[in-house]
Amino acid sequence: MPILETLPSTPLVLDTAIFTHLKTECLINEAEKAYKKLYVKERIAEYYSNTKTFPAITSMTFFEADFGIYDQFANGSISEEKANEFQQNINLALAEISVILPFDQRASKIAAYIYAHMLVKEQKWLQQRKTKKKKGNREAKIWQDIFIISTAISHNYGLVSPDKDMEIIAKYLPKGLDLSLAVWKP
Amino acid sequence: MFTTASNNMTFLGSESNSYLRYLPPINPTELKKQNGFRFPPDIEKAGSPNVKQVVKIEVAEFDFELELKISKVEFFQTEIVFHLEFYTSILKLSFYGIKEDNRFRVKAYSFDLEKNDNTPELVFRFESLLSICGLGKKLVIQLPNNKCELSNSSKLELAKISNSLQGRQLAYRLMVTEKALRVHISFPKGPIARKDIESIGYCYHSILDRKFERFCNTNLQIGTVQTYDEKREIFGKSINLRKQKFTVLSYGVTEVESVTTPILPKNAFRNDIQKLIDLDEKLDSMVMDKYFNLFSNAFEGLTNEQIEALTQRPDLSESAFDF
């Protein structure tokens, strides 16, 4: 399987799930801090100590953050003014603390290769994943994770993810490419 | 590619209400004729009889004090530049601001290192200074007859401070390599390539950790053990790490064990350098606090429900996105 463990010096990019966990940990109140393990914060601090860089995020995660805002606006839940304000706050903060890895031409080729192969060879697993989602599990659709993996590989970054789905996706990487994967769990 | 601050004009912002006494413009060539720096006559008259020709930089949180001799001062309409003797180089401390009546209101300040042979120790000291000043809440700069208190803006760019900490780490790793292997390495004038950063890290871990893991592109069987005379290149200079043992642990990962690689001598660094080295954990922890705060601030003013709705993953149901 073309999966490598990440080393302390490997440049890392967070997937959207870890990014969301980080958001949750950052917004936790003082009372909750006493009993909740802030595992993403701990791992990021450890990573920073080794590399003196902050983990990157992909343009896909940026898209997901922006989508959430505009979705609320399109549905009439927030005003255009509020949507712009939230969008600006989030984008400015993210741009300052993270390198944003773009979904480039190399990434798009890798993503297309994986997606085509998975649709043929992992139909059963994809259906199961879809059913899980319908039952209320907020798991991302596979193409979102494929875009994130391919962006990480295209820029020679290791990927941080909390789940093993990334390993299944990585089985369908084009020959000669490896995914450096760090699984961070509470 | 990575660029140390020593290769870049470095601005450290300041939102201060500090005032310097107004220093009138002086033609820099006149200063030269005076055989060394002299204060403008009105400042000398008004000041203490024991005018010290030094600048003192203090940051209380880090118990940091640095006294540097002034070699030259330049006065411009909106800028005052102190040229300070900084170990083997010249540090330019610039104050940017506006003249108000007979005072100079400081709006911002910056440090800049004069380009010359940038040794790891010099870069380490400079990047440490920038990190400390950037992270300290209040910076006190004692000028002859003037005290300037500068409070850092909370909007100070974290990426710039982090860049300095990265430069500091690279410089420290090179200092370790120099001491252990008795070599001299100079920082290049331009950006540093990723392969050099990797080699610097590799040499550092060989000397200090003695045993570590690394990626390798090899088709050797898992468990294969081989010993080589290992050499690395840093900024075009060959670094001989002597004998190292390599064991293939798994696909793509090898364990390296230093066999005859020299070790770092005890008490390798002078006390003042060691004191700066020991600040590493504190500097990291302050950067992390700022990082997490910035992250939280992005969601400021939103209710939990709004945050939940905004960060819900998109669900596009068109056929191309159906999985």
Side-chain angles (χ1 to χ4, degrees), chain A residues 1-5 7-11 16-17 19-20 22-27 41 44-45 48-54 63-65 67-69 71-72 77-78 82 85-86 89-94 96-97 99 115 118-119 126-127 129-130 133 138-144 156 178 180, chain B residues 2 131 155 157-159 162-170 194 197-198 201-202 205 212-215 217 249-253 280-281 283-285 287-302 304-317 320-323:
Chain A
M1 193 181 284
I3 291 184
L4 303 174
E5 283 173 42
L7 300 180
S9 58
T10 309
T16 308
F19 176 82
T20 308
L22 174 60
K23 175 217 70 186
T24 309
E25 289 184 9
C26 284
L27 297 173
K41 278 183 159 188
I44 288 180
Y48 188 81
S49 164
N50 287 324
T51 62
K52 308 293 182 203
T53 57
F54 305 121
F63 156 76
E64 294 191 45
F67 179 89
I69 296 167
D71 186 43
Q72 292 289 298
S77 306
I78 55 172
K82 273 284 166 205
E85 187 192 322
F86 294 157
N89 283 350
I90 292 174
N91 286 15
L92 278 178
L94 293 186
E96 173 152 0
I97 58 181
V99 172
Y115 199 38
M118 285 198 81
L119 288 180
L126 289 170
Q127 283 299 345
R129 204 174 187 260
K130 202 175 165 184
K133 189 180 177 296
R138 273 216 195 107
E139 208 163 355
K141 290 200 171 181
I142 202 70
W143 61 269
Q144 291 162 310
N156 300 318
D178 297 314
S180 299
Chain B
F2 170 78
S131 314
K155 288 178 183 163
E157 279 181 57
L158 191 57
S162 191
N163 197 63
S164 276
L165 286 175
Q166 203 184 356
R168 197 181 108 97
Q169 184 187 52
L170 282 179
R194 192 154 154 180
I197 295 174
E198 282 165 9
Y202 185 92
H205 291 301
F212 58 99
E213 290 172 13
R214 65 162 191 136
F215 286 130
N217 292 317
L249 292 183
S250 61
Y251 172 71
V253 179
D280 204 48
E281 210 173 301
L283 291 165
D284 281 0
S285 150
V287 166
M288 278 293 101
D289 284 347
K290 281 181 181 287
Y291 173 83
F292 295 130
N293 279 340
L294 263 173
F295 202 89
S296 314
N297 291 346
F299 300 95
E300 211 171 57
L302 298 173
N304 286 344
E305 291 72 30
Q306 280 175 321
I307 292 168
E308 194 65 25
L310 293 179
T311 55
Q312 189 173 344
R313 301 195 75 174
D315 186 359
L316 308 179
S317 300
F321 299 103
D322 204 22
F323 281 103

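On a predicted model such as this, the values are computed, not experimentally measured, just so you know. In the text below, chain A, chain B and the rest are named by the order of the sequence lines, each starting its count at 1.
With ring centers used as reference points, B:F295 lies under 6.0 Å from A:F19.
Heavy-atom distances place no part of A:T24 under 4.5 Å from chain B, backbone and side chain included. Residue B:E213 touches chain A through both its backbone and its side chain, counting heavy-atom pairs closer than 4.5 Å. In this structure, chain B has no heavy atom under 4.5 Å from any part of A:P8. Proximity to chain A is absent for every atom of B:F212, based on heavy atoms less than 4.5 angstrom apart. For A:S9, no part lies near chain B; criterion is any non-hydrogen pair under 4.5 Å. With a 4.5 angstrom heavy-atom cutoff, A:L94 touches chain B only via side-chain atoms.
Among all heavy-atom pairs drawn from A:N156 and B:R194, the shortest one is O-NH2, 3.1 Å. Across all non-hydrogen atoms, the minimal contact from A:I3 to B:Y251 is O-CD2, 4.2 Å. Pairing each heavy atom of A:L4 with each of B:G252, the nearest pair is CD2-CA, 3.8 Å. Annotation for B:M288 and A:F54: closest pair CE-CE2, 3.7 Å, computed over non-hydrogen atoms. Across all their heavy atoms, B:D284 and A:S49 have their closest contact at OD2-CA, 3.4 Å.
Under a 3.5 Å cut-off, the side chain of A:E25 and the backbone N or O of B:F292 do not form any donor-acceptor pair. With B:S296 contributing its side chain and A:L27 its backbone, the two residues share no donor-acceptor pair below 3.5 Å.
Between B:H205 atom NE2 and A:L7 atom CG the span is 9.5 Å, to the nearest 0.5 Å. For the atom pair B:Q169 CD and A:T51 OG1, the distance stands at 7.0 Å (nearest 0.5 Å).
Interface summary for chain B: among A:I44, A:V99, A:N91, A:L92, the most heavy-atom pairs under 4.5 angstrom belong to A:I44. Counting heavy-atom pairs closer than 4.5 Å to chain B, the top residue among A:K41, A:M118, A:E5 is A:K41.
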Review point. Does the side-chain contact (heavy atoms from CB on, under 4.5 Å) test come out yes or no for A:I97 and B:L158, once each step is laid out?
Key: CA-CA 7 Å; A:I97 58 181; B:L158 191 57; 4.1 Å; yes

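Between B:D280 and A:K52, at least one side-chain N (NZ, or NE/NH1/NH2) sits under 4.0 Å from a carboxylate O, which counts as a salt bridge.
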